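Take a look at the structure below.
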Amino acid sequence: IAQESSIRKPDYQRIKENISDRNSKFYYPALLQRLVQFDPSLTVEDYRHLYYGYIFQDAYKLNNDSKMQKFYNWNSEVTFTENDMNDLVNTAKQVIAENPFDLRAMNMYREGLRYQGDSITAGKVWDRYVMIIDAILSSGHGQTCESSFHVINTNHEYMLLHFFSLKANEQNVVDGKCDMLTLESND
């Protein structure tokens, strides 16, 4: 998890320059290829360039309607068939190939892989998920608008809460620039 000393707002202009420079270690196509290959040597800084640099890619959509929508209402009370899990895993894999930062799809993909017994790939997906969360956490501490977490998709705010087993009970847009979430108390 991101350490206080490494917290800083993304410099979007610098990220754009870095990911566009073929001679940069942050050149986007090369970084993305490493991400796709589950390269364990990717650093939080690499993930910051991947995650925040994604907004400059043609494939980026602010809030896309995911092909995963039909799976989002599944819960532990539902009995899944093998075909259901195969459909989940195949759909999630396709969604992630199109949008490598769809955190909901990534989380469900990991769960589907675990259900199918592929703990190795599930572990790699989990490691990637955690590194993306670390990249987001490195952007602020989330206590004020000035120190907010920077996300490229509003769903990521809620995935961050889910990661820490927190729930929001209120949401307000502050000054038209910041989503302020009030959390439910932990009992």
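Quick caveat, the model's predicted, so the values are computed rather than measured. Note that these values count all heavy atoms, side chains included, but never hydrogens, waters or copies made by symmetry.
The distance from atom OG1 of T81 to atom CE of M85, rounded to the nearest 0.5 Å, is 8.5 Å. I136 CD1 to F163 CZ: the interatomic distance, rounded to the nearest 0.5 Å, is 10.0 Å. To the nearest 0.5 Å, the span separating CG on N99 from CG on N153 amounts to 7.5 Å. In this structure, the separation between CG on L32 and OH on Y54 is 8.5 Å, given to the nearest 0.5 Å. The distance from atom OH of Y47 to atom OG of S138, rounded to the nearest 0.5 Å, is 13.0 Å. For the atom pair L50 CG and E45 CD, the distance stands at 10.5 Å (nearest 0.5 Å).
The shortest side-chain heavy-atom distance between Y109 and D102 does not fall under the 4.5 Å cut-off. Two residues are said to be in side-chain contact when any heavy atoms from C-beta on lie closer than 4.5 Å; L35 and L31 fail this criterion. Between N107 and H162 there is a side-chain heavy-atom pair separated by less than 4.5 Å. In this structure, the side chains of Q94 and E98 come closer than 4.5 Å at one or more pairs of heavy atoms. Contact check for M159 versus Y129: side-chain heavy atoms found under the 4.5 Å cut-off. Counting heavy atoms from C-beta outward, L42 and R128 have side chains that stay 4.5 Å or more apart. N18 is not listed as a side-chain neighbour of K25, based on a closest heavy-atom distance of 4.5 Å or more.
In this structure, Y12 and F56 have perpendicular ring planes: the angle between them is above 60°, well past the 30° mark.
P29 and I19 make their closest contact through CD-O, 4.4 Å (heavy atoms, listed as atom of the first residue, atom of the second, distance). Nearest heavy atom pair, residue H141 against residue S147, reads CE1-OG, 2.7 Å. Scanning both residues, L113 and V89, for their nearest heavy atoms gives N-CG2, 3.9 Å. Counting all heavy atoms, side chain and backbone alike, R48 lies closest to P10 at NH2-CA, 3.5 Å.
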Inset, instruction - Take I55 and I15 through the side chain to side chain contact (heavy atoms under 4.5 Å, CB included) test and state the conclusion after the steps. - result: CA-CA 10 Å; I55 66 172; I15 289 171; over 6 Å; no

Inset, instruction - Evaluate the criterion side chain to side chain contact (heavy atoms under 4.5 Å, CB included) for residue pair N86 and Q116; output intermediate values, then yes/no. - result: CA-CA 8 Å; N86 288 338; Q116 292 180 332; 2.7 Å; yes

Inset, instruction - Quick one: do Y158 and L103 satisfy side chain to side chain contact (heavy atoms under 4.5 Å, CB included)? Show the steps, please. - result: CA-CA 10 Å; Y158 296 94; L103 295 177; over 6 Å; no

Inset, instruction - Start with the C-alpha gap between V44 and M131, add the side-chain angles, then the distance that decides, and say whether side chain to side chain contact (heavy atoms under 4.5 Å, CB included) holds. - result: CA-CA 6 Å; V44 171; M131 289 297 286; 3.8 Å; yes

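Centroid-to-centroid, the aromatic rings of H150 and Y51 stay 6.0 Å apart or farther.
A side chain to side chain contact (heavy atoms under 4.5 Å, CB included) with F38 is found for one member of D127, V125, I120 and no other, namely V125. Residue H49 forms a ring-ring contact (aromatic ring centres under 6.0 Å, His included) with just one option from Y27, Y28, F26, and that option is F26.
Taking 4.0 Å as the cut-off between side-chain N and carboxylate O, E157 and R104 do not count as a salt-bridged pair. Between E17 and R14 there is no salt bridge, since none of the side-chain N atoms of the basic residue sits less than 4.0 Å from a carboxylate O of the acidic one.
When atom types are taken as modelled, the side chain of S148 and the backbone of T144 share no donor-acceptor pair closer than 3.5 angstrom.
Side-chain N/O atoms of R34 and S41 include a donor and acceptor closer than 3.5 Å.
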